[in-house]
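Report on the structure given below.
A note on names: the letters A, B, ... follow the listed sequences, proteins ahead of strands, and every chain is numbered from 1.
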Amino acid sequence: MEIISRHQLLTISIIYQIGTTIIFGFAAGAGRDSWLAVLISTFFGTAVVWIYTRITHFNPGLTYIECYPAQFGKVLGTPIAWMHPLLFLYISGRIVADIKNLVPTTILPGTPPWVILLFFMLVISYGLYSGIEVMGKLTEIILPIILLIYLLEVILIFSSGVVHFDNLAPLLDKGWGRIWEVVWPLGIIQSFGESLALALVWTSMNERKSVGRTMIISSLFAGVFISFTDALAVSVFGEEIFKRATYPMYALIQAISVSDFITQLDATGVIYFCFMAFLKTYIYLFATIRSLQKLTYSKSSRIYIFPVVIIALFLGLTMAPNVVEHIAVVQKVIPYNPIYLSLMFVFPILLFVVSWIRNKISTATS
Amino acid sequence: MRKQLTIFLSLSVFMYMITGCWSRIELNDIAIVTAASLDLVDDQKIQLGVQVMKTKMTKGTAGKGDSSEDTTLIFSEQGDSVMDAYRKIQKKIPRNLIFSHNRIVIIGEKLARSGITPIIEFFSRYRDVRGNSYLLTTKGKAYDLLNVGPNFEKFSAEEIREEQKARVIDSATIRDFAFRLLELGIEPITSQLQIIPAGEKATEPSSSEKKNKNNELALALVGVAVYRKDRLVGWMNAQEAETLLWLRNKMKDSVITVMIPEENKLFGKLSVQLMKSKATIKSKIENDQVQFQVHLEMTGDLFENTTKLSTNSSNNLHTVQRLFEDEVEKRVRLTIQKSKKKFKTDIIGFGSKVHRQNNKVWNEKYADRWDEEFSNIKVNVTTKFTIIGTGRINDSLIWEEKEMKK
Amino acid sequence: MVQKIQLEHHYDYILSSDVSEDLAHFKTIFDNCIDIKFREFVIHGARKGALVFLSGLVNIQTIDFEIMKPLVESDERLFQDSGSGFNDDSMKHLIENRLLFSSQLSWFDEFSDVVEHILSGNVAFLIDGLKQVLIINAKHWDKRAVDEPATEAVIRGPREGFQETISTNISLIRRRLKTPQLKMEDMIAGRLSNTQIVITYLDGIVDKKLVDEVKKRIGKIKIDAILESGYVEELIEDNSFSLFPQVLITERPDRVVGNLLEGKVGIIIDNTPFVIIVPGTFFQLLQSPEDYYQRYFIASAIRMLRFFAVLFSLLLPSLYIALTTYHQEMIPTMLLISIAASRETVPFPAFIEALVMEIAFESLREAGVRLPRPVGQAVSIVGGLVIGQAAVEAGIVSSPLVIVVSMTGIASFIFPSFQLGLAFRLLRFPMMVAAATFGLYGILMMLLLLLIHMLRLHSFGVPYLTPMAPLRISGLKDVIIRANWPKQSSHAEELKSQRYHNPFKRLRQRQNR
C-alpha cells in the first residue's frame, strides 16, 4: 500500500481543484461579479467536500465507493458504487477532450490531436504505473513552481499596465440573479464537487484524521486562487470580453508585455494548462482504477491501467467535435444531468446521514 | 519493471518515428509582419496591406546590410474579408506570414467610417494575432502609410509603437478598442496617424546624420480619431488628444504653455512640464438629471518663463498657478464640449462613471439610451494646479535684465 | 575460473606439522608463479622453518633483517631452556616474544586463509612441529603519493585525494575522525580478484539497518573481479535501469567524512581512488564539498547557480528548437529578427542544426578526455572555437545556435558530479527530439516523464529527490541554499528524528564545536 503524506495530499488537491478551471475560466457567466460567485461557490463547495471527508471518516478502512455497499447493503449500494468509475472515466474523457481542443488550436496547429493525446496518455500511464505516491511527490515539487510562476505572471501583468480595477465596479450590477445561476450547480460541481475523485486517494494517506482539514484548506485556497484570477481577468479585459473569451486565462497571459521584451507568453499558459490537465486526468483515472479494483476485489490494479487509459483516450478523441459544443456540454448539460447531480450531492448526503446515524448508534451501544 | 520500461521506451521512440513535425515552421520560412493596413476599396472589398521584415537586409552586425536599402517589404491584396485578403497575400509569397509580432494596425478613413467591427473581430479571433498591437486611424488611404520608411528604428512600425508608448496623445490597442466598444458608457478612440513632411515633424528632433531615402516624409501622430460604436465620426487635434489623456489619468508627461496677453504689462509666456495629473469624475443625480463634477489635480515644474513676472515670490507663483488652472479648465471644457456637441459620443467615459457610481439609476434610465442622453449632460470642471519646482533658477533672467536697464 | 575449480581440492588440504609436506602443497598451488618465493631454513639446527611470500608485495629488507636474521641467529639455549615442557604454546610464545620484531602477527589454521594472506602480500612462516602458520605483515609495494584529486578540484579545502592503496585511504579518513565511533568493517568480493572492501560508518549516527543492507548487498556480489568502484556501484544500486547515478562517488576524504557525519555509509574499495557513499541523493550530487568551506552566502549563490546549470544543460538546446520552430511569438521581436537574419543561409532545420552541433561538441569533449592531457585541453577548446567560427562563417550553422551550444556545454561542466553531468548530457538529446516534434508541449511531457522516473528512484530506501520530495523543509536549508552552521540541525534533534527513511541532516557543526 502506498502512503502519501498530508502535505502531498494538500498539494495534489490544490492542483486538482484549481485544475483546468484556470484556463477555461470559472463563472464567466457572472461577468464582473465572477470573483464573488467563485467565493460563494467556494463556501458551499467546501461544505460539500467536508461532507465527503466525513463519509470516509465514519467508515474507516473503506474507500469511498466501498461505503455504498457497506451502508446501503449490497443490492442497493453496489449499482451506485459501480456508477462512480463510469462517471470518473467519462470526466477524464472530458479533460482529454480539453487538451484535444486547446493544444492544437493554440500552440500546435496542424498536429493531429491523436498524436498529442497519445503522448499525453503515455506519460499518464507511466504515472499510473508508478503509483499515487510518486504523483504525490511530483505535485509537491511542482506546486511551488506553479505558484512561483503564477506570482511572476501576476507581477508581469501588473507591470504591463493593463490592470484597471475600476472594471470590477459596480458590484452586483445585475443583482444576485446571475451569481446564483453560476454558483448552482456549476460553480459547486466544478472544482469542488469533482473532489469526489480525490476521495479514493484519501485512503492512501498516512494520517487519515487530518484528511478533512487538509481538504478544507485546499478547497479554500483553490477558491481564493481562482477568485483572484477571475478578478484579475475582469480588470484587464472588462466584463464583455471576459465573457466572450473562450480561454480567458490564456488571453490574460497574452496581455503581458513588459518593456517589449517579455511578451506573448501564451505558450507557457498552455503548458500550465497541460500540467493541470495531466494531474486531473491522472486523479480521475486513478480513481477509476482504484474503484474497479475494489469493486472486482482484484489484488493488483495494474491490469486495469491499460484498458482504462485506452478508453479515456478513445473517449477524448471522439467526444466533442468542436470546442463550442465541448464547453457547452461541460457548462450547460452535465451540471444539470440528474445522474451527475445525484452522484455528486444526493447520494453522498444520504450516505452521510446514514453513516452518521449508524456511527451514533454504534458509539451509543458500545 | 525493466521489461515494461523497455516496452515503454521503444514505444516512445516508435512514436517519434511515425510522427512528423506538422506544425513546425523554420525561421527561414517565416515572414514577420510588423504593420498592417486596412482600407475599404470599391465593391465593398477590403484591402489588406502588410509590412514584412526583410530579414536578409537586416544582417547589420556583419556590416553587410546596406543601410540605404529598405528593410521592409510591402504586400497588398484585396478580398471580401480580412482572412480572404490575407490568404491571397500568403499565396503570393513563399513564406508564412506571422502576425504575432505585429506592431500597428492602420485603418483607412473610408473603412473606419463604414464600421470596423469585422477588423476587430478578426484580430481578436485569429490564433496568431495579439491584442497588444496599436490601432491607428488615418485620413485617406492607410496603405500609403506603410511605404514611409523609418528614421531611427529598423522599421517604421516600431517608431509608431514607441511614440504611442510615450503617450503623448491618447492611444488604443486592439484590446482597449474592443473593450471600449463593448463596454457601455464609453466609446472607443484611436490615435490618428498622418504622413507629414519630415522637417515639420513635431514629436521628434530632425535627424541630420541618418540619411534615408524617404527622409522627406515621416509619420506622425497628429490627434485622435473619435468613434461612435465602431464607426468613425470625427477627428480631434493633438491638444484635445492630450486633454483626453489627462481626463483618463493616462498622462505620462506633457507640457502646458500659457500666455499673458499683450495688454498686460507683464506680457510673455510661461511653460510648465506636468509631473502628475489626477482626474476624478464624480457623477451626481439631481432632479432626475445626471451631473458630473470633474476635478483635476495637477503638479508641474516651471521650465520656461519669458514674462516679467518674478517667480521668486509666492504671490506671483499663485498667480501663475491660477493662470494654469484657468488654461487647463478651458481645455477640458472645450474637449468635453466637442465630444458632447460635435460628435455626440462619450469618449471620456462619463457613462461608465454613472454605471459604476449610480448603477441603479444607470440600469433603469440610461443603459439603453446613453447615446441620446450624453449630449445633454451637465459637466462642472474644477482644477487645482500646483507648481512644485521652478527649474534650476528661481527667478526669470529677463526680469533681472530689465531691472538693470532701468 | 577453470583454474580455480581445478585447484579447489587443494584448498581442502589440512595443514600438517611437517614443513616439507606443507611446502609441497604450497608449491602445487603456486605452480608457475614466479613471483612466489619459498625460503626454507633451519632455526639453529633445531627446527625447520620456511617462509612463503610474494616477492613484489613485501619489503625484502624487513624479511631479511627482521624475520630471517633473528630466527637464524637466535640463541640455541632458547629452545633448550624450555626443556621437556616444550610444547606448541611455548613455541608460539617464544617466536612472538623473543624472536620476531614485527607488530602484526597472527596464527592461522586454515590452508586457504594462508594462501589468501600470501596473495595479499603477507609473509607466511611455517615451522616444523606447529600445525599453525604464522602470518607476518611485511607489505610494501610501490604506490602513488597522496595527490590532489583530479576530478574534484576545489579552491579552498584540503588537497588530499584518495589513491589506489586501501590502507592509505583508510588512514586518510581516520585522520579526520579520531573517534572510536568510526567503524571500518572488512569484506572481500570478487571470486578471482579477492578485492578488499571496507565499509565505514560512524556508529551512533548511522542507521544500523543501512549498514546491514549495505553488507547484505555487497555479500551478494557475484563477479570474478572488481577492478573499479563502478563494478560495485552497479551491483549494489537499487535501480540499474536508470541514467542517474544513485550513489555518490568521490575522491576526497573530507567529502567522505562529511557524509559519514550525516549518517551515510562509505564503501572503500582496494585499487581504486574512488570511494562510494550510499545512499546517494540527487541534490547531494549537486553539492561540492567546497560549499561548506566557503562563506555561506557565496556557497548558497553557487548552489542556485548550479540549479540553473542543471536546467540549462538539460533544456537550453531544446528550448531553442521549440521557440524558433514553434513559438516564434515568444521571442522578442528584435531578437527574433536577429536570429532569423543569422539563420537565413542555414540549410538545415533547427533541430538537425542543433543535433549536429551537440554531437560535434560531445565528440570534442570525449576526444579531449582521451588525448594526452596537454593536447587534450587545447584540442577541445580550439576545436570548438574553430568549428563554431568556421561553420558560422560558412553559413552552415547560425551563430545564436553556437552560443546556445557553448552555453549548454559550460553549464554541463558546472556539475560537481561528473556522473550526473553525463546523465544530463544524454538526456538533452531525447529532450531535443521532443522539442522538435511537439514544441514546448513536448518539453513539458518529457520533463514530466523524467520527473516521474526520478521520483520512482530510491537509493538504499531513501527517495532520490529527498528532501524536495517528500518535502522536508528543514532539509531544504542544505539543498537550495547552504545555511550557516548554527541554524542547521543539532545533534540531539538528529538522534530523535533518526529514521531509516529520514536520515540525512547536516551534522558537521558538532565537529565544529
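- For chain C, the nearby parts of Phe275(A) are the backbone and the side chain; heavy atoms of each come within less than 4.5 Å.
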- Where do Val270(A) and Leu440(C) land on the side chain to side chain contact (heavy atoms under 4.5 Å, CB included) test, with the steps shown first? CA-CA 9 Å; Val270(A) 178; Leu440(C) 280 180; over 6 Å; no
Below 3.5 Å, can you tabulate the donor-acceptor pairs from side chains in residues 305-312 of chain C to any protein atom, sequence neighbours excluded?
unit_1: Arg306(C); atom_1: NH1; unit_2: Leu286(C); atom_2: O; d: 2.9
unit_1: Arg306(C); atom_1: NH1; unit_2: Asp291(C); atom_2: OD2; d: 3.0
unit_1: Arg306(C); atom_1: NH2; unit_2: Asp291(C); atom_2: OD1; d: 3.1

- Query: Does the pair Phe438(C) and Thr111(A) meet the rule for a side chain to side chain contact (heavy atoms under 4.5 Å, CB included), with working shown?
  - Reply: CA-CA 8 Å; Phe438(C) 294 109; Thr111(A) 308; 4.3 Å; yes
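- Interface residue Leu444(C): only side-chain heavy atoms are found under 4.5 Å from chain A.
- Here the straight-line distance linking atom OH of Tyr441(C) with atom CG of Leu102(A) works out to 10.5 Å at 0.5 Å rounding.
- Looking at heavy atoms from C-beta onward, Leu449(C) lies out of side-chain contact with Leu122(A) at the 4.5 angstrom threshold.
- Contact annotation for Ile271(A): both backbone and side-chain heavy atoms come within less than 4.5 Å of a heavy atom of chain C.
- Identified by a heavy-atom distance below 4.5 Å to chain C, the contributing residues of residues 6-19 of chain A are His7(A), Gln8(A), in residue-number order.
- When heavy atoms are compared at a cutoff of 4.5 Å, Ile443(C) does not approach chain A at all.
- Between chain C and the options Thr139(A), Ile107(A), Val103(A), the largest number of non-hydrogen pairs under 4.5 Å is found for Ile107(A).
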- Mind running side chain to side chain contact (heavy atoms under 4.5 Å, CB included) on Ile142(A) and Leu451(C) for me, showing each step along the way? CA-CA 10 Å; Ile142(A) 292 200; Leu451(C) 263 178; 3.9 Å; yes
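- By the salt bridge (charged side-chain N to carboxylate O under 4.0 Å, His left out) test, Lys208(C) pairs with Asp203(C), sequence neighbours left out.
- Between the CD1 atom in Ile116(A) and the OG1 atom in Thr437(C) there is a gap of 11.5 Å [rounded to 0.5 Å].
- With sequence neighbours excluded, the residues that form a side-chain contact (heavy atoms from CB on, under 4.5 Å) with Ser130(A) are Tyr126(A), Val134(A), Ile452(C), Arg456(C).
- Residue Ile4(A) does not touch chain C at all, counting heavy-atom pairs closer than 4.5 Å.
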- Message: For Tyr464(C) and Lys137(A): C-alpha separation, side-chain torsions, deciding distance, then whether side chain to side chain contact (heavy atoms under 4.5 Å, CB included) applies.
- Response: CA-CA 11 Å; Tyr464(C) 195 50; Lys137(A) 291 195 270 183; over 6 Å; no
